[in-house]
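Just below is one structure, and these are the notes that go with it.
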Amino acid sequence: MLSLHDTALGRVTEIVTRDEGKLAMYVCGPTVYDVPHLGHGRSALVYDVLRRWLEARGTRVRHVSNVTDVDDKIIQRAAEERRSAGEVAEENEQVWWDAMDRLGVLRPTVAPRATEYVAQMIEAVAKMVEKEQAYSTDFGVYFASETVADYGLLARQSLRSLKIGARVERDPTKRSPVDFVLWKRAKPGEPAWSSPWGSGRPGWHTECVVMSLDLLGDDFDLHSGGLDLQFPHHENERAQAAALGRPFARHWVHHAFVELAGEKMSKSSGNYTSLVDLLDSADERAFRLLVLQSHYRSPLEVTAETIAAAESSLARLDAMARRLGAGDGLALAPVRLAASSAEPMSRGGVDIVKHVERFNARMEDDLDTPAAISEVFDLVRAANAAAEAGEVVRASSMASAASSLLASVGLMLKAASGEVDAISEDLLARREAARREKDFALADSLRDELLARGWIVEDLPTGSKLRRSHQ
RNA sequence: GGCGGCGUGGCCGAGUGGCUUAGGCAAGGGCCUGCAAAGCCCUGUACAGCGGUUCGAUUCCGCUCGCCGCCUCCA
């Protein structure tokens, strides 16, 4: 049974889903005005890990994640670049999906765009106005937060302290500092839709309520996003759902930031590393491993050093896969075995069962991926040790279990070392011949040549193999 | 000003009132190897500081110091 930290409760709680065996999850997606940074990457990875692991255990996950394609920042960017907001959004959305694909993040079941839901948002706003929980001013339509009894639940503050705490007051037409905009009147040249309150566009907080309820239904299971969305974005979504009389998310999950030099990574502060840059310069699996090796509610520092360390770890895992033939193809068999302990564990049995069960127990406990991954490394060491001891079958059973556990959280090992070209093939053959004749000087120079061509030679009991050296 | 979080060995990073000195990376020693690579074995006794509770605290409470986040767009 899965437990997660629920922001609404302020503690870890068992996740009881609306429909048994299914999970309906909404993840707040990107505003597409620029390229994604590592924080967006972590966000996507955290929920991809949750989703894949649940699916590997047989839960059917419906994953909805929005794309905000109309927004002040998109409009501003478009003005700077002297083109339409639509072009900016379209281009950056493409960059987003390309990056997600490269990261190995599964596409959401449905990925709605805000602009596809304007009519429904207008309908929702009209309803809130009708119920007098929203009001119209010269600047637009505002939600009257004080009409919602438990406003402040996700912020974990009382309405009173929220009002006291409010620092910035931009719009003097708001009745209360905690009110927020539902509809913004358009200035000339801005993207606009006609509405009962004049030509304009929806406020950001409305799209997610409308789309999540439309695509997941009332009382869906999980609503999630970064810590910065906890308040006010998610608070405001809740408030609107309450006003609309719709049962909203059963559980709320928020993950911590990626930090750079101890500070939150963010676009607005200029303190960020582009996800695309990382993908261009490192093994994308290293970032996933790094994310797995930290808890989702802890800040994560991503540096050249931590990426390099993760790549070293990855090399160790790939080496095991190469040696014991436990590549990506082996899929989920051992994970399934954990679910039905009746099934035999083949040779190697008890230890594998133990580690798989512990792995899953760690995951169930608020997604403690660092602890879960440590179980995998225990299995890796056991597999290598068994191989050293000549217990080949046992070793490869363990290796495939480790590989499968990693695959269940989206980390695919590479057993193959890549295509070896004919020239390198020949160099390797000549080196093996030289070694047989004990001409080690020649063998070593051939090895140097292979290294220069980007290959590292591994002499295994079964023969010599090549593997790609980095860079 | 309101509210919240964090401080673990060289680095990353879990966890627990007294048996894990988690796990990874790096480092040192050993084994294996023609030499390497890969791998295996061994090694470092960490928990910000000061008090308190307790038979016993890294883990509970208080204080101090340091750092960070939300309250404004933000994963």
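In what follows, chains are A, B, ... by sequence order, proteins preceding strands, each numbered from 1. From a predicted model like this one, the values you see are computed outputs, not experimental measurements. Just the heavy atoms: all of them, side chains too, but no hydrogens, waters or symmetry mates, feed the values below.
For G7(B), the paired nucleotide is C65(B), the pair qualifying as Watson-Crick or G-U wobble because both relevant distances are below 3.5 Å. Pairing of C40(B), defined by two Watson-Crick or G-U wobble distances under 3.5 Å, is identified with G30(B).
With hydrogens and angles left out, the side chain of Lys264(A) and the base of C74(B) share a donor-acceptor pair within 3.5 Å. The base of G69(B) is not paired with the side chain of Asp228(A) by any donor and acceptor separated by under 3.5 Å. Between the base of A38(B) and the side chain of Arg467(A) there is no donor-acceptor pair shorter than 3.5 Å.
Atom P of nucleotide A14(B) and atom CD of Glu375(A) are separated by 16 Å, given to the nearest angstrom.
Contact annotation for Pro299(A): backbone-only contact, meaning every heavy-atom pair under 4.0 Å involves sugar-phosphate atoms and none involves a base. As judged by a 4.0 angstrom heavy-atom cut-off over every strand, Ser298(A) is placed among residues touching the sugar-phosphate backbone only. Heavy atoms of Asp459(A) sit under 4.0 angstrom from at least one base atom.
Rounded to a whole angstrom, the distance from the C1' atom of U8(B) to that of G23(B) is 14 Å.
Salt bridge status for Asp72(A) with Arg201(A): present, with a side-chain N to carboxylate O gap under 4.0 Å.
Nucleotides of RNA chain B nearest to Leu317(A) and Ser161(A) differ in position, and the one nearer the 5' end is that of Ser161(A).
For Glu235(A) (side chain) and Ala155(A) (main-chain N/O), a donor-acceptor pair under 3.5 Å exists by modelled atom type.
Residue ring and base: Phe377(A) does not count as stacked with G23(B) (centre distance below 5.5 Å and interplanar angle below 30° not both satisfied).
OP1 or OP2 of G24(B) lies within a sub-4.0 Å distance of a side-chain N or O belonging to Arg381(A). Look at Arg316(A) and you'll find a side-chain N or O under 4.0 angstrom from OP1 or OP2 of C40(B). In terms of phosphate contacts, Trp204(A) brings a side-chain nitrogen or oxygen within less than 4.0 Å of OP1 or OP2 of C74(B).
Here Tyr47(A) and His255(A) bring their ring centres to under 6.0 angstrom of each other.
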When you look at Asp221(A) and Arg62(A), which way does the salt bridge (Lys or Arg N to Asp or Glu O under 4.0 Å) test go after all the steps? CA-CA 10 Å; Asp221(A) 301 306; Arg62(A) 181 167 167 84; over 6 Å; no
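Ring orientation note: the planes of Trp252(A) and His223(A) are close to parallel, at an angle under 30° on the 30°/60° scale.
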